[in-house]
Amino acid sequence: MRLVLQEFLSLDGVSQGPGSPDEDTSDGFAQGGWFVPHPDEAFDRVAATSLGKADAFLFGRRTYENFARDWPEMTDHPNARILNGSPKYVASQTLTKVGWEPTTILSGGIPAQVAELKRQPGRELQIHGSARLGQSLPAAGLIDELRLAIAPVVVGSGRHLFPDGGTPAGLRLLHNETTPSGIAVRVYESTGLPKYGTYGTDA
């Protein structure tokens with residue numbers, strides 16, 4: 001399976017707490033829910049198409065607990081069948097039991113276990129949110145594709161998807177569109193380490 005990281009971002013690169021005020025208040029973050037005003041019908045179609053490519057999902061603990069709380073109750077949502085019925089994996093050193101089946105807990109050496117999952121047959125193993133987990137996998141060369149939905153908002157503070165000191169990565173643009181509400185959808189394929197050149201060589 002291809003490992004695909006899907007993230008909501010602000011224009012200033014924040015990925016923390018896009019869905020609700022109390023989604024992730026760690027480190028005193030108080031701007032949660034900044035993505036909510038922006039989705040439109042065009043974005044919903046893009047999101048549904050992307051979700052339809054998944055054969056399994058990989059989550060960090062915090063995102064998993066939020067999804068496990070909400071999605072079993074959302075049976076009328078068009079995406080509920082895929083999320084509720086597909087195999088799910090949660091990377092956690094603290095969880096000992098889960099209630100959102102079918103779910104498998106991954107602990108210990110997460111990159112090695114994710115690499116093994118990628119060797120399984122299927123289309124895509126998708127990470128939704130779970131930015132801390134997503135940040136830990138590029139160093140192992142495990143991310144195949146990055147799908148970003150960039151909202152037209154500057155949050156001003158919060159945890160960034162690409163922090164200082166992160167792993168360098170080269171990317172190739174596969175898809176680029178902007179919805180009527182201003183969400184910029186960018187899909188990139190990983191190309192390994194970036195190649196650096198020069199600019200303005202006549203100086």
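From a predicted model like this one, the values you see are computed outputs, not experimental measurements.
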Participant: Please test Thr104 against Val98 for side chain to side chain contact (heavy atoms under 4.5 Å, CB included), starting from the C-alpha separation and ending with a verdict.
Facilitator: CA-CA 8 Å; Thr104 300; Val98 293; over 6 Å; no

Participant: For the side chain of His77 and the backbone of Asn79, is there at least one donor-acceptor N/O pair under 3.5 Å apart?
Facilitator: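 Yes; at least one donor-acceptor contact below 3.5 Å.
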
Participant: Would you check if the distance from the ring center of Tyr89 to the ring center of Phe59 is below 6.0 Å?
Facilitator: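 Ring-ring flag for Tyr89/Phe59: false, centres at least 6.0 Å apart.
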
Participant: Any side-chain heavy-atom pair from Ser10 and Trp34 closer than 4.5 angstrom?
Facilitator: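 The answer is yes, as the side chains (C-beta and beyond) meet within the 4.5 Å cut-off.
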
Participant: Hey, quick one: are Val36 and Leu9 part of the same hydrophobic cluster, counting side-chain heavy atoms closer than 4.5 Å, chains of contacts allowed?
Facilitator: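 No, Val36 does not connect to Leu9 through the hydrophobic network.
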
Participant: Any chance you could measure Glu7, atom CD, to Leu146, atom CG, to the nearest 0.5 Å?
Facilitator: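 The CD atom of Glu7 sits 8.0 Å away from the CG atom of Leu146.
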
Participant: Return the OG to CG distance between Ser190 and Leu142, rounded to the nearest 0.5 Å.
Facilitator: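 Reported value, rounded in 0.5 Å steps: 10.0 Å.
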
Participant: Using modelled atom types and a 3.5 Å cut-off, is there a donor and acceptor pairing between side-chain atoms of Arg132 and backbone atoms of Leu161?
Facilitator: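 The answer is no, because no donor-acceptor pair under 3.5 Å joins these two groups.
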
Participant: Should Phe67 and Ile105 be counted in the same cluster of Ile, Leu, Val, Met, Phe, Trp and Tyr side chains packed under 4.5 Å apart?
Facilitator: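 Yes, Phe67 connects to Ile105 through the hydrophobic network.
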
Participant: Step through the shown structure and confirm whether more than 12 heavy atoms of other residues, nucleotides or ligands are within 6.0 Å of CD on Gln93.
Facilitator: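 Enclosed.
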
Participant: What distance do Leu51 atom CG and Asp44 atom CG have between them, rounded to the nearest 0.5 Å?
Facilitator: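 Separation between the atoms: 11.5 Å.
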
Participant: Once you round to the nearest 0.5 Å, how far does OG of Ser181 lie from CD of Glu41?
Facilitator: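 Between atom OG of Ser181 and atom CD of Glu41 there are 11.0 Å.
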
Participant: For the pair Thr191 (side chain) and Arg172 (backbone), establish whether a donor and an acceptor sit closer than 3.5 Å, ignoring hydrogens and angles.
Facilitator: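 Not confirmed, Thr191 side chain does not pair with Arg172 backbone.
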
Participant: Roughly how far, to the nearest 0.5 Å, is the CG atom of Leu5 from the CG atom of Leu148?
Facilitator: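 Going from CG on Leu148 over to CG on Leu5, the span is 7.5 Å.
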
Participant: Is it the case that over 12 heavy atoms from other parts of the model lie below 6.0 angstrom from the CD atom of Glu73?
Facilitator: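 Open: at most 12 neighbouring heavy atoms sit under 6.0 Å from CD of Glu73.
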
Participant: Spell out, as yes or no, whether a donor-acceptor pair under 3.5 Å connects the side chain of Asp27 to the backbone of Phe29.
Facilitator: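 No, Asp27 side chain to Phe29 backbone: no donor-acceptor pair under 3.5 Å.
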
Participant: Count I, L, V, M, F, W, Y as connected when their side-chain heavy atoms are under 4.5 Å apart, and connections chain through other members. Are Leu3 and Leu106 then in the same cluster?
Facilitator: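 Yes.
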
Participant: Answer yes or no: is there a side-chain heavy-atom contact under 4.5 Å between Leu58 and Val114?
Facilitator: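 SC-SC contact between Leu58 and Val114 confirmed.
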
Participant: Please name all residues satisfying ring-ring contact (aromatic ring centres under 6.0 Å, His included) with Phe57, sequence neighbours left out, ordered by chain then number.
Facilitator: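 Result, ring-ring contact (aromatic ring centres under 6.0 Å, His included) vs Phe57: His128.
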
Participant: Which heavy atom of Gln16 sits nearest a heavy atom of Thr25, and at what distance?
Facilitator: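 So the two residues come closest at NE2-C, 4.4 Å.
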
Participant: Judged by modelled atom types alone, do Tyr64 and Ser130 share a side-chain donor-acceptor pair under 3.5 Å?
Facilitator: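 Checked: Tyr64/Ser130 side chains show no N/O donor-acceptor pair below 3.5 Å.
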
Participant: Are Tyr188 and Val185 linked, directly or through intermediate hydrophobic residues, by side-chain heavy-atom contacts shorter than 4.5 Å (ILVMFWY only)?
Facilitator: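 Different clusters.
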
Participant: Output the distance between atom OG1 (Thr63) and atom CG (Leu133), rounded to the nearest 0.5 Å.
Facilitator: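 CG of Leu133 is found 8.5 Å from OG1 of Thr63.
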
Participant: Any Lys/Arg nitrogen of Arg61 or Glu65 sitting under 4.0 Å from an Asp/Glu carboxylate oxygen of the other?
Facilitator: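 Yes, charged N to carboxylate O under 4.0 Å.
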
Participant: With a 4.5 Å heavy-atom cut-off, do Val155 and Leu11 have their side chains touching?
Facilitator: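 Heavy-atom side-chain distance check fails, nothing below 4.5 Å.
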
Participant: Looking at Ser86, is its backbone amide N or carbonyl O close enough to the side chain of Lys88 to form a donor-acceptor pair, meaning the two atoms are under 3.5 Å apart?
Facilitator: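 Yes: the side chain of Lys88 pairs with the backbone of Ser86.
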
Participant: Keeping the roles fixed (side chain from Gln113, backbone from Ser107), state whether a donor-acceptor pair exists under 3.5 Å.
Facilitator: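 The answer is yes, because a donor-acceptor pair under 3.5 Å joins these two groups.
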
Participant: With heavy-atom distances below 4.5 Å as the criterion, would you say the side chains of Asp55 and Leu125 are in contact?
Facilitator: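 With C-beta onward as the side chain, the pair stays apart.
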
Participant: For Asn84, enumerate each residue passing the side chain to side chain contact (heavy atoms under 4.5 Å, CB included) test, keeping only those at least two apart in sequence or located in another chain.
Facilitator: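 Per chain and number, Asn84 pairs via side chain to side chain contact (heavy atoms under 4.5 Å, CB included) with Trp71, Pro72, Ala80, Trp100.
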
Participant: Is Ser20 reaching over with its side chain to a backbone N or O of Glu23, donor-acceptor style, under 3.5 angstrom?
Facilitator: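 Looks like yes, one N/O pair under 3.5 Å.
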
Participant: With a 3.5 Å distance limit and no angle check, can you tell me whether Lys118 reaches the backbone of Ile143 through a side-chain donor-acceptor pair?
Facilitator: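 No, the answer is negative, given that no donor and acceptor are paired below the 3.5 Å cut-off.
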
Participant: For Thr179 and Asp40, test the side chains for any donor-to-acceptor distance below 3.5 angstrom and give the result as yes or no.
Facilitator: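 Thr179 vs Asp40: donor-acceptor pair found between side chains.
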
Participant: Let me see the working for Leu173 and Val187 under side chain to side chain contact (heavy atoms under 4.5 Å, CB included), right down to the final yes or no.
Facilitator: CA-CA 6 Å; Leu173 184 65; Val187 181; 5.8 Å; no

Participant: For the pair Glu145 and Arg2, find out whether any cationic side-chain nitrogen is under 4.0 Å from an anionic carboxylate oxygen.
Facilitator: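 So Glu145 pairs with Arg2 through a salt bridge.
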
Participant: Is the shortest side-chain N to carboxylate O distance from Arg147 to Glu124 below 4.0 Å?
Facilitator: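 A salt bridge links Arg147 with Glu124.
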
